A.B. asks: 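I'd like to ask you about the structure that follows.
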Amino acid sequence: MTGSPDDKPRSALFDAARRRHATPVDDAAASVPRTLRVATAYAWRFLVLAGAVGVAIWLVIQLKLLVIPLLVAILVSALVWPGFSLMLRHRFPRWLAIVLSVVGTLAVVTGLLWLAVWQITDGWASVQSRTVDATDEFRNYLITGPLHLTADQIDAFLAQGWNLLQEQVELLWTGALAIGSTVGHVATGALLALFILVCILADGAGIWRWTVKLFPQRARAAVDGAGRAGWVTVINYARTQLLVATIDAIGIGLGAFLLGVPLAIPIAVLVFLGAFVPFVGAVITGTLAVFLALVYNGPWIAFWMLIVVLGVQQLEGHVLQPLLMGSAVKVHPLAVVLVVAGGAMIGGIPGALFAVPLAAFVNVVWISLARRSWETGVRPRPDDLIWSTVPRDWRNPA
C-alpha cells in the first residue's frame, strides 16, 4: 500500500525537525568517510589488544622465576608424554611410569652434559693452541695476500666484530639469566620445574579440569576443546623436535668424528640442544661445527663438514621424517624465524626456545575457538597453522 498525499508534507515536516535539532557532533560524524570510521574502529581495538598483550608480557617478566620453570616443565612433559602414555597403556603403575620418565630424562641430560664437559676438558688445550696458530696464519694471509690489509685495519675490523658479538651475547645472556641471576635462583627454578613435571605426570587431567572450571559455565566446553587441541600440537612439536635433534646430533657428530674435527661429542650435544630452536638452532650449531673444522683442520675439511651438515639436514627433513612420521612437519619458515627472533628479543635464550611451541599453541587455540571445533570436530587445516604435524597412522600407513 502507498501512503496518502497528506503523508508527504508530514514526512517532510519531521525531516526538517530532525535537521533542526541535529547537533554539530552528529553532523561531524556523518561527514567522516565510512572507510575512515572502519579504520579507526580497527585501530582502537588493535590498541586494546596490544595493551593487553603488553600487560601479559610485563606480568610474565615480573613472574619469570615461576613462568620459566612452568614452561620448562610443560615442554619436558610433552617430550616424555608419548613414552609415559605407552607405559600406562601397558598397565605400568602410574608411580613407576613417573619414576622411569623423570629418572630417564635426568639420566639423558646428565649423561650428555658429562660427555660434553669431559671431552672439552680433555681436548681444550690442543684446540686453544691450534686456534691461536690458525688465527695468526689467517692474519698473515690478510696482510700478505691479495687484500693487502694493514695491521691497523685488521685490528679495527676485529674490534668492531668483537663489540657486535659482545652486544649479541649480552642480549642472549640477559635472557638466559631470566630464570635467575644467582646459582640459588637457577637451582630453585630447576627444582620447581622438576616438581611441576611430577605433578603434571601424576595428575595432569585433574589440574586441567580445575583450570577449565575457572571459566564461565558456557565457555568451558570451548576452553576444554581448544586447550586439548593445543596440547596435542605441543606434543607433536616436542616429538618432532626430539626426532630432529637426535638425527642431526648423531649425523653431524659422527661426521665430525670421522673427519677428525675436535670436540665431536660437544658438537653433537650442541646440535641436539640447538635443534629445539627450529631453523635458527640448526643453522647456528652447524655453522659452529664448520667453523671449528676450518680453524683446526683447514678449508678442505671444513668444506666436507659443511657437506655433512647440509646432507644430514636434508636427509632428516626429506627422507627420515616422512618415513617415520608421515608427512611430518609443515612449517612456514618465515613465520617460524620471525617468532624465534621475536622470542629472543623479548626473553633471550628462553624466549627463543619457547617461542615456537607457545606460538603454535596460541595459533591452534585461536583457530579452534574461531571455528568452534569443539562442536564440529573439524580440526584446523595445516595450511592455517604456522606449525603443524601430520603423524603417520601405523595402522594405515598409506
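Keep in mind that this is a model prediction, so the values were computed, not measured.
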A.B. asks: Show the nearest heavy-atom pair for residues Phe257 and Ala264, with the distance to one decimal.
C.D. replies: N-CB, 3.8 Å
A.B. asks: Shared ILVMFWY cluster between Leu71 and Leu194, side chains joined below 4.5 angstrom?
C.D. replies: yes
A.B. asks: So, for Ala193 and Ala73, which heavy atoms are closest and what is the spacing to 0.1 Å?
C.D. replies: O-CB, 3.4 Å
A.B. asks: Once rounded to the nearest 0.5 Å, what's the spacing between atom CD1 of Ile265 and atom CG of Leu112?
C.D. replies: 10.0 Å
A.B. asks: Is the shortest heavy-atom distance from the side chain of Ser101 to the side chain of Met87 under 4.5 Å?
C.D. replies: yes
A.B. asks: At their closest point, which heavy atom of Ala268 faces which heavy atom of Ala249, and how far apart are they?
C.D. replies: O-CB, 3.3 Å
A.B. asks: Under 4.5 Å between any side-chain heavy atoms of Leu201 and Trp81, yes or no?
C.D. replies: yes
A.B. asks: Should Ile74 and Val223 be regarded as members of a common hydrophobic cluster, given that ILVMFWY residues are connected when their side-chain heavy atoms come within less than 4.5 Å of each other, either directly or indirectly?
C.D. replies: no
A.B. asks: Roughly how far, to the nearest 0.5 Å, is CE of Met305 from CG of Leu258?
C.D. replies: 9.5 Å
A.B. asks: Is Val103 linked to Trp95 within one hydrophobic cluster, defined over Ile, Leu, Val, Met, Phe, Trp and Tyr using a side-chain heavy-atom separation of less than 4.5 Å?
C.D. replies: yes
A.B. asks: Are any of the side-chain heavy atoms of Val198 and Val102 separated by less than 4.5 Å?
C.D. replies: yes
A.B. asks: Is there a path of hydrophobic side-chain contacts, each under 4.5 Å between heavy atoms, that joins Leu292 and Val271?
C.D. replies: yes
A.B. asks: Kindly say whether Arg37 contributes a backbone atom to a donor-acceptor pair with the side chain of Thr40 at under 3.5 angstrom?
C.D. replies: yes
A.B. asks: Are Trp231 and Trp208 an aromatic pair by the rule of ring centers under 6.0 Å?
C.D. replies: no
A.B. asks: Would you mind reporting whether Trp304 and Val308 have side-chain heavy atoms less than 4.5 Å apart?
C.D. replies: no
A.B. asks: By side chain to side chain contact (heavy atoms under 4.5 Å, CB included), which residues pair with Ile301, not counting sequence neighbours?
C.D. replies: Leu259, Val261, Ala293, Asn297
A.B. asks: Report yes if the side chains of Asp248 and Phe272 come closer than 4.5 Å at any heavy-atom pair, otherwise no.
C.D. replies: no
A.B. asks: Val234 and Pro357: which non-hydrogen atoms are nearest, and at how many Å?
C.D. replies: CG2-O, 4.3 Å
A.B. asks: Ala289 and Ile252: which non-hydrogen atoms are nearest, and at how many Å?
C.D. replies: CB-CG2, 4.4 Å
A.B. asks: What distance separates Phe303 CZ from Leu306 CG, expressed to the nearest 0.5 Å?
C.D. replies: 7.0 Å
A.B. asks: Nearest 0.5 Å, please: how far is CG in Leu288 from CG in Leu263?
C.D. replies: 9.0 Å
A.B. asks: Same cluster or not: are Leu197 and Phe92 linked, directly or through other Ile, Leu, Val, Met, Phe, Trp or Tyr residues, by side-chain heavy atoms under 4.5 angstrom apart?
C.D. replies: no
A.B. asks: List in chain and number order the residues that pass side chain to side chain contact (heavy atoms under 4.5 Å, CB included) with Trp44, two or more places apart in sequence or in another chain; answer none if no residue qualifies.
C.D. replies: Ala41, Val48
A.B. asks: Flag the pair Arg89 / Phe84 as yes when at least one side-chain heavy-atom distance between them is below 4.5 Å, and no otherwise.
C.D. replies: no
A.B. asks: What distance separates Ile207 CD1 from Ile196 CD1, expressed to the nearest 0.5 Å?
C.D. replies: 9.0 Å
A.B. asks: Heavy atoms, side chains only, cut-off 4.5 Å: are Val244 and Phe276 in contact?
C.D. replies: no
A.B. asks: Quick one: pull up CG in Leu75 and CG in Leu358 and give me the separation to the nearest 0.5 Å.
C.D. replies: 11.0 Å
A.B. asks: Which heavy-atom pair separates Thr233 from Ala360 by the least distance, and what is that distance?
C.D. replies: CG2-CB, 4.0 Å
A.B. asks: Mind checking what makes side-chain hydrogen bond (donor to acceptor under 3.5 Å, both in side chains) contact with Arg220, not counting sequence neighbours?
C.D. replies: Gln217
